[in-house]
Amino acid sequence: VKPPRFRYVKPTSLSEAVDLMGQMGDRARLLAGGQSIMPLISMRLIRPDYLVDINGLEALAYIRSNGESVSIGALTRQRAVEDSADVGARVPLLSQAIRYVGHMSIRNRGTVGGSVAHGDPAAEIPAVLLALGAAVTANGPKGSRRIPLQDLYRTAFTTTLAADEILTEVSIPAQPRNSGSAVLEVTRRHGDFAIVGVAATLTLDADERVEGARLVAFGTGSVATRLISAEETVMGEAPSEAHFQSAGRAASAELQPLSDIHASDEYRRWVAATVVARALPVALDDARARQGGGAR
Ligand SMILES: Cc1cc2nc3c(=O)[nH]c(=O)nc-3n(C[C@H](O)[C@H](O)[C@H](O)COP(=O)(O)OP(=O)(O)OC[C@H]3O[C@@H](n4cnc5c(N)ncnc54)[C@H](O)[C@@H]3O)c2cc1C
């Protein structure tokens, strides 16, 4: 399918891009990796007058880390994150998740900022960023602001970013040494978006009781969702298979999944119980291995 006509602009600096977006507002869309926006334009689901190509803004492609956090520039390719030893060591949940994003050729072009801004409810990156308590930075004509992930999404494919704001950075607190993580998802084929997915982290105290748990479901509703009741079932416990099964049942009860062409709400609820119950022991093993091996 051919895209409708649009004008193409390629700024060479962030300030130029911010000026352009300020002038054009919702008549323009940013082009990053193009892996989501170009299919949408080609299928004529969106018809921007202008495409502002930010691929010249090389200053937005970086991974920086210190002991406390990892900062990733919005234009960083998903493949660079996958290959980053720093990301693997400090925020392993992101490394675990990114391999599920489409296929390697998509990750070679697709950017972290593009995935976050696109806001697909079945996307892995926003879900793990929510689980990790990340925040994003956005720059617009009115300046720069920081937005915690839990405040970024209104509904599917709709963020609280203004039309003239550019997402510039994702900042992620490093996972503690005594924590482990896991991502599990059910898809029809390898590389497809999740019908149901879960991102899990477990943090253990010195007695191997759970002192922190995060469970985020994705692909189930209009936005990625924290599973608070399921988290509570393992908090403070020396976790066992019985706790994992209880967490799965709690997840199934608290989720309000959608029915669509891929699956019914009932099926999603049933699968959510299973993926939660299976992800938690993987996260537990990971926490024990990291504690024992001093991986970070
Ligand atoms: C076959 C296929 C399979 C895929 N499978 C998966 C999958 O399993 N999981 C998954 O998560 N994704 C999947 N994707 C999507 C992929 O991850 C995309 O790379 C990602 O969603 C968008 O990133 P992008 O850099 O390509 O953004 P683009 O397509 O360039 O842009 C996407 C949207 O974000 C906006 N945008 C981009 N950058 C910024 C910015 N810095 N600030 C503000 N707005 C911005 C654009 O204007 C546009 O609206 C798949 C894509 C394809 C084609």
Side-chain angles (χ1 to χ4, degrees), residues 3 6 8-11 14 17-18 20-22 24-43 45-62 72-82 94 97-130 136-140 144-145 147 152-153 156-170 183 185-197 199 218-219 224 262:
F6 55 82
Y8 173 86
V9 207
K10 190 169 183 188
L14 178 60
V18 166
L20 282 167
M21 293 307 285
M24 298 170 187
D26 56 12
R27 291 179 300 147
R29 293 293 279 265
L30 294 167
L31 171 66
Q35 299 302 300
S36 296
I37 197 167
M38 292 319 297
L40 288 177
I41 295 175
S42 295
M43 288 187 278
L45 293 170
I46 57 170
R47 291 169 176 261
D49 295 332
Y50 296 91
L51 265 192
V52 177
D53 182 352
I54 56 171
N55 283 279
L57 309 188
E58 281 155 24
L60 290 188
Y62 58 85
I72 303 178
L75 199 65
T76 308
R77 306 291 163 188
Q78 293 156 5
R79 184 89 172 116
V81 173
E82 184 176 348
L94 181 56
I98 213 145
R99 298 186 179 94
Y100 289 105
V101 176
H103 305 275
M104 197 188 290
S105 55
I106 289 156
R107 301 194 294 272
N108 281 338
R109 288 300 301 163
T111 65
V112 171
S115 175
V116 174
H118 186 55
D120 191 311
E124 289 82 4
I125 296 172
V128 302
L129 295 182
L130 178 63
V136 300
T137 304
N139 281 58
S144 166
R145 66 185 178 115
I147 312 166
L152 186 62
Y153 297 107
F157 306 105
T158 312
T159 67
T160 53
L161 291 172
D164 57 9
E165 280 185 311
I166 301 176
L167 205 152
T168 51
E169 185 178 273
V170 172
V183 179
E185 61 180 47
V186 171
T187 58
R188 285 180 73 87
R189 296 166 305 190
H190 169 73
D192 280 4
F193 281 98
I195 294 173
V196 176
F218 55 97
H262 304 295

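First listed ligand is number 1; within each ligand, the first listed atom is number 1. Owing to the predicted nature of the structure, the values given are computational and were not obtained by experimental measurement.
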Participant: What protein heavy atom lies closest to atom 31 (O) of ligand 1? Include the residue and the distance to one decimal.
Facilitator: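 The answer is I37 CB, 4.0 Å.
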Participant: Looking only at heavy atoms, what is the nearest atom pair of V101 and R107, with distance?
Facilitator: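 Nearest pair, atom of V101 first, then R107: O-NH1, 2.9 Å.
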Participant: Which of the atoms in ligand 1, numbered in the order shown and given with their element, are less than 4.0 Å from a heavy-atom of A117?
Facilitator: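 Taking each heavy atom of A117 in turn, ligand 1 has 34 (O), 35 (C), 36 (N), 43 (C), 44 (N), 45 (C) under 4.0 Å.
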Participant: Which heavy atom in F218 sits nearest to a heavy atom in E185, and how many Å separate them?
Facilitator: CE1-OE1, 3.3 Å
Participant: Under 4.0 Å from ligand 1, counting heavy atoms only, is it the side chain of D120, its backbone, both or neither?
Facilitator: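 The answer is neither.
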Participant: Please state which protein non-hydrogen atom is closest to atom 27 (O) of ligand 1 and give its distance, to 0.1 Å?
Facilitator: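 That would be G114 CA, 3.5 Å.
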Participant: Shortest non-hydrogen contact from A194 to T187?
Facilitator: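 For A194 and T187, the tightest heavy-atom pair comes out as CA-CG2, 3.8 Å.
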Participant: Using a 4.0 Å cut-off to any heavy atom of I54, which atoms of ligand 1 qualify?
Facilitator: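 Checking each atom against I54, I get 41 (N).
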Participant: I'd like to know if Q78 contacts ligand 1, where contact means a heavy-atom distance under 4.0 Å to any ligand atom.
Facilitator: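 Yes.
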Participant: Checking D120 side chain against F157 main chain: does a donor-acceptor pair fall under 3.5 Å?
Facilitator: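 No: the side chain of D120 does not pair with the backbone of F157.
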Participant: Looking only at protein heavy atoms, which one is nearest to atom 20 (C) of ligand 1, and how far off is it?
Facilitator: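 Looking only at protein heavy atoms, the one closest to atom 20 (C) of ligand 1 is S36 OG, 3.4 Å.
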Participant: Does I37 form a side chain to side chain contact (heavy atoms under 4.5 Å, CB included) with I46? I'd like the steps, not just the answer.
Facilitator: CA-CA 8 Å; I37 197 167; I46 57 170; 3.8 Å; yes
Participant: Which residue and atom name correspond to the protein heavy atom nearest atom 25 (O) of ligand 1, and how close is it?
Facilitator: T111 OG1, 2.6 Å
Participant: Please find the pair of heavy atoms, one from L57 and one from P11, that lie closest to each other, and give the distance.
Facilitator: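 Heavy atoms of L57 and P11 come nearest at CD2-O, 3.8 Å.
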Participant: Pairs of nitrogen or oxygen atoms closer than 3.5 Å, one from A74 and one from ligand 1: do any exist?
Facilitator: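 By distance alone, the answer is no.
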Participant: In terms of residue, atom name and distance, what is the protein heavy atom nearest to atom 9 (N) of ligand 1?
Facilitator: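 Protein heavy atom with the smallest distance to atom 9 (N) of ligand 1: E124 OE1, 2.8 Å.
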Participant: Can you find an N or O of L30 that's nearer than 3.5 Å to an N or O of ligand 1?
Facilitator: yes
Participant: Work out whether the distance between some heavy atom of V101 and some atom of ligand 1 is less than 4.0 Å.
Facilitator: yes
Participant: Which residue and atom name correspond to the protein heavy atom nearest atom 2 (C) of ligand 1, and how close is it?
Facilitator: I106 CD1, 3.2 Å
Participant: With sequence neighbours left out, which residue pairs that include part of residues 159-168 fulfil the side chain to side chain donor-acceptor pair (under 3.5 Å) condition?
Facilitator: N139-T168, R145-E165
Participant: Taking all atoms of both residues into account, what is the closest heavy-atom pair of P48 and R29, and its distance?
Facilitator: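 So the minimum-distance heavy-atom pair works out to CB-CG, 3.7 Å.
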Participant: At a non-hydrogen distance cut-off of under 4.0 Å, which region of L167 contacts ligand 1 (side chain, backbone, both, or neither)?
Facilitator: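 L167 to ligand 1: contacts from backbone and side chain alike.
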Participant: Considering A163, S115, G102, which one's heavy-atom position lies nearest to atom 4 (C) of ligand 1?
Facilitator: G102
Participant: For M104, is there any backbone N or O sitting under 3.5 Å from a side-chain donor or acceptor partner on R79?
Facilitator: no
Participant: Give me the atom names and distance for the closest heavy-atom approach of R109 to R77.
Facilitator: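 Here R109 and R77 meet closest at O-NH1, 2.7 Å.
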Participant: Any nitrogen or oxygen of G34, main chain or side chain, under 3.5 Å from a nitrogen or oxygen of ligand 1?
Facilitator: yes
Participant: Please answer whether the main-chain N or O of Y62 pairs with a side-chain N or O of T76 as donor and acceptor at a distance below 3.5 Å.
Facilitator: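 Confirmed, T76 side chain pairs with Y62 backbone.
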Participant: Can you sort out which atoms of ligand 1 are near G191, meaning under 4.0 Å from one of its heavy atoms?
Facilitator: 5 (N), 8 (O)
Participant: Not counting sequence neighbours, which residues clear side chain to side chain donor-acceptor pair (under 3.5 Å) with R189? List them please.
Facilitator: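 Applying side chain to side chain donor-acceptor pair (under 3.5 Å) to R189 gives D192.
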Participant: Go through ligand 1 atom by atom and flag the ones less than 4.0 Å from a non-hydrogen atom of Q35.
Facilitator: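 Heavy-atom distances to Q35 below 4.0 Å select 18 (C), 19 (O), 26 (O), 29 (O), 51 (C), 53 (C).
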Participant: Kindly say whether T111 contributes a backbone atom to a donor-acceptor pair with the side chain of Q78 at under 3.5 angstrom?
Facilitator: yes
Participant: Going by the atom numbers of ligand 1, which of them fall below 4.0 Å from some non-hydrogen atom of G110?
Facilitator: 19 (O), 25 (O), 26 (O)
Participant: Could you work out, for atom 6 (C) of ligand 1, the closest of F157, F193, Y100 by heavy-atom distance?
Facilitator: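 Considering heavy atoms of F157, F193, Y100, the nearest to atom 6 (C) of ligand 1 sits in F193.
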Participant: Could you tell me whether a side-chain N or O of T158 sits under 3.5 Å from a main-chain N or O of A156, the two making a donor and an acceptor?
Facilitator: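 Checking the backbone N and O of A156 against the side chain of T158, a donor-acceptor pair under 3.5 Å is found.
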Participant: Work out whether the distance between some heavy atom of D192 and some atom of ligand 1 is less than 4.0 Å.
Facilitator: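 Yes, D192 has a heavy atom closer than 4.0 Å to ligand 1.
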Participant: With atom 33 (C) of ligand 1 as the reference point, say which of E165, R29, H118 has the nearest heavy atom.
Facilitator: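 The option holding the nearest heavy atom is H118.
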Participant: List the closest protein heavy-atom neighbour of atom 24 (P) of ligand 1: residue, atom name, distance to the nearest 0.1 Å.
Facilitator: G33 N, 3.5 Å
